[in-house]
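A quick write-up on the structure given underneath.
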Amino acid sequence: MAVQINERVVVLDYGSQYNLLIVRRLREIGAYAELIDPDQSWTQLSQGVPVKAVILSGGPNSVYEAGAPRLPEGLIESGIPVLGICYGMQLLAKELGGQVVASKRREYGPANFRLHHPSPLWNGLAESEPCWMSHGDQVFKLPVGFESLASTDTALAAMGDEKRKIYALQFHPEVTHTPAGKQILRNFVELAGCELSWTAGNFVEASLGEIAQQIGDSRVVCALSGGVDSTVAAVLVHRAIGNRLTCLFVDNGLLRQDEGDQVMSSLSHLGLQVRRINAQERFLSELKGHTEPEIKRKKVGETFIRVFEDQVHELGDVPYLVQGTLYPDVIESGHGGHKKAHNIKTHHNVGGLPEDLTFKLVEPLRQLFKDEVRRVGRELGIDTALLERQPFPGPGMAVRCLGEVREDRLVVLRAADAIVRQELDQLPLQGPGRRPWQYFAALLPVKSVGVQGDARAYAEVVVVRAVYSEDAMTAQVADLDHGLLTRLATRIVNEVSGVSRVVYDITPKPPGTIEWE
Ligand code: XMP
């Protein structure tokens, strides 16, 4: 389902790991951008919403390699403004009659580039700026019509043909290590005449009509967990079609302390019609006796599907299902209209539904990044606490209660986890000792001896996990203050019966994962 968009910037995907960042930066600037397969002609890729500018991404190939990806046929002749980045720069140089050579020294990491020719691309920049390099080849001879615009100590950093509005950068403007990168991208889309009108507000406005049109008079169902994506998707659909949307909240008994009630209350404040399904016992009985993590995950997933099926059956004729699919999910699953996506992440959401449960999908967020979803959520009046909620695994406490999942052990885990959250919630959002990105407790099926009062204790071990991350793909362990760690240990052992010892997990990801199972 496409939201009405009047113009777009096309980012051609030559395979760099930073590609989604280019799209993201452009959206931050207000230019609607899409990542697209370069293996097509200009006529094909310019169909549909008008293209105002094209960016050629970086990539792992060398331009002289056999089979290296090329420029789309007719791109340059179209007269569209083009910005090449890294591989994109080398490709422009080679195809427009310049020359590319292997660098004597490969350049990875920070560098500085100095401007030596004025250009609208440099508006607002200092004479010398830090940047991030990651290349083996470099442009040796400029193509006809191009000027050298900047250089580092070792390489040509930028070139441009002002007449044709074709520019190229050897460094990566999309990464935060190039502080002026966003300004350069802004300068480029401005000189290309983009309107920069992409905002959460106009997204909401445009998508309401689209959703209403897609659904017509039908009914829609949505499984809600209280997570950001499904909540924002549901609220958007509710705005569009009102109470023809039924939300199901499956309480699997694997949530955090009081979370079920909190989720219900925040959802009903949003005006959503939510049915709570108390399926705690069903989940626990399916999990009984299982200790192997993958089996536990599978059991939770399967039970969710069965509970969901029963409920949908009761609802009668509901042809549509709302899902909170985001743009990176669309790209990673290879449905984004390009095929160079590597690095496929396994999506382990419990919401994976069986094939015979046939719904038509309503995915109002499929063009958005997570931060855009939060902005849309704010626009829709959703509470900040809900929008800033930490990620929580679909299988919930089942993967934090190592060993067998039993209610008596869940009681211990929930209480310990509540203390960890209570204490770390108080940390400031910014600055040294800032609040970690994700923090929680896990319960280990290991007994250890301790002394509590005058008595010997022999009980299980709680592990505290607290990490900083941007996207959960990598994570750094939070360097928590020792006083805080001591307070956590003391409070958990004293206040939660059934715990003899508290340990702090100091494993980064990789090699560890954030969750223990
Ligand atoms: P790992 O443990 O793989 O977790 O480093 C990465 C991030 O994903 C969350 N996580 C899940 N989220 N369903 C989810 O929606 C799941 O099954 C799941 N397992 C892990 C985890 O909390 C972390 O933020």
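Model, not experiment: these values are computed from the prediction. Read the numbers this way: they start at 1 and go in the same order the structure lists the ligands and their atoms.
The nearest pair of heavy atoms linking T291 to G403 is CG2-C, 3.9 Å. Across all their heavy atoms, R297 and P395 have their closest contact at NH1-CG, 3.6 Å. Closest heavy-atom contact between K509 and M473: CE-O, 3.3 Å.
Annotation: salt bridge (charged side-chain N to carboxylate O under 4.0 Å, His left out) contacts involving residues 20-35, sequence neighbours excluded, comprise R8-E34, R24-E28, R24-D371, R25-E28, R27-E372, E28-K182.
Residue G394 has at least one heavy-atom neighbour below 4.0 Å for each of these atoms of ligand 1: 13 (N), 14 (C), 15 (O), 16 (C), 17 (O). Atoms of ligand 1 found under 4.0 Å from any heavy atom of P391 (numbered from 1 in listed order, with element): 24 (O). For ligand 1, the atoms lying closer than 4.0 Å to a non-hydrogen atom of P395 are 16 (C), 17 (O). For ligand 1, the atoms sitting less than 4.0 Å from at least one non-hydrogen atom of T513 are 1 (P), 2 (O), 5 (O), numbered in the order shown with element in parentheses.
Comparing K509, R297, R465 by heavy-atom distance to atom 6 (C) of ligand 1, the nearest is K509.
Not one N or O of A472 is nearer than 3.5 Å to an N or O of ligand 1, by distance alone. For a threshold of 3.5 Å applied to N or O pairs, the pair formed by W437 and ligand 1 contains no separation below that value. Any N or O atom pair closer than 3.5 Å counts here, and I514 shares at least one such pair with ligand 1.
Contact check on R282 versus D310 returns a salt bridge, with a Lys/Arg side-chain nitrogen under 4.0 Å from an Asp/Glu carboxylate oxygen.
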Can you give me every donor-acceptor pair (side chain of residues 408-424, partner residue at least two apart or in another chain, under 3.5 Å) with its distance?
unit_1 : atom_1 : unit_2 : atom_2 : d
D408   : OD1    : R406   : NE     : 2.9
D408   : OD2    : R406   : NH2    : 3.0
R409   : NE     : E460   : OE1    : 2.9
R409   : NE     : E460   : OE2    : 3.4
R409   : NH1    : L402   : O      : 2.8
R409   : NH1    : E404   : O      : 2.6
R409   : NH2    : L402   : O      : 3.0
R409   : NH2    : E460   : OE1    : 3.4
R409   : NH2    : E460   : OE2    : 3.4
R414   : NE     : L255   : O      : 3.4
R414   : NH1    : E407   : OE2    : 3.4
R414   : NH2    : G253   : O      : 3.2
D417   : OD1    : A441   : N      : 3.0
D417   : OD2    : R421   : NE     : 3.0
Q422   : OE1    : R491   : NH1    : 2.8
Q422   : OE1    : R491   : NH2    : 2.9
E423   : OE1    : R487   : NE     : 3.0
E423   : OE1    : R487   : NH2    : 3.3
E423   : OE2    : R491   : NH1    : 2.9

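At a 4.0 Å cut-off, not a single heavy atom of Q390 sits close enough to ligand 1 to count as contact.
None of V405, D251, V300 except one satisfies the side-chain contact (heavy atoms from CB on, under 4.5 Å) rule with F283; the exception is V300.
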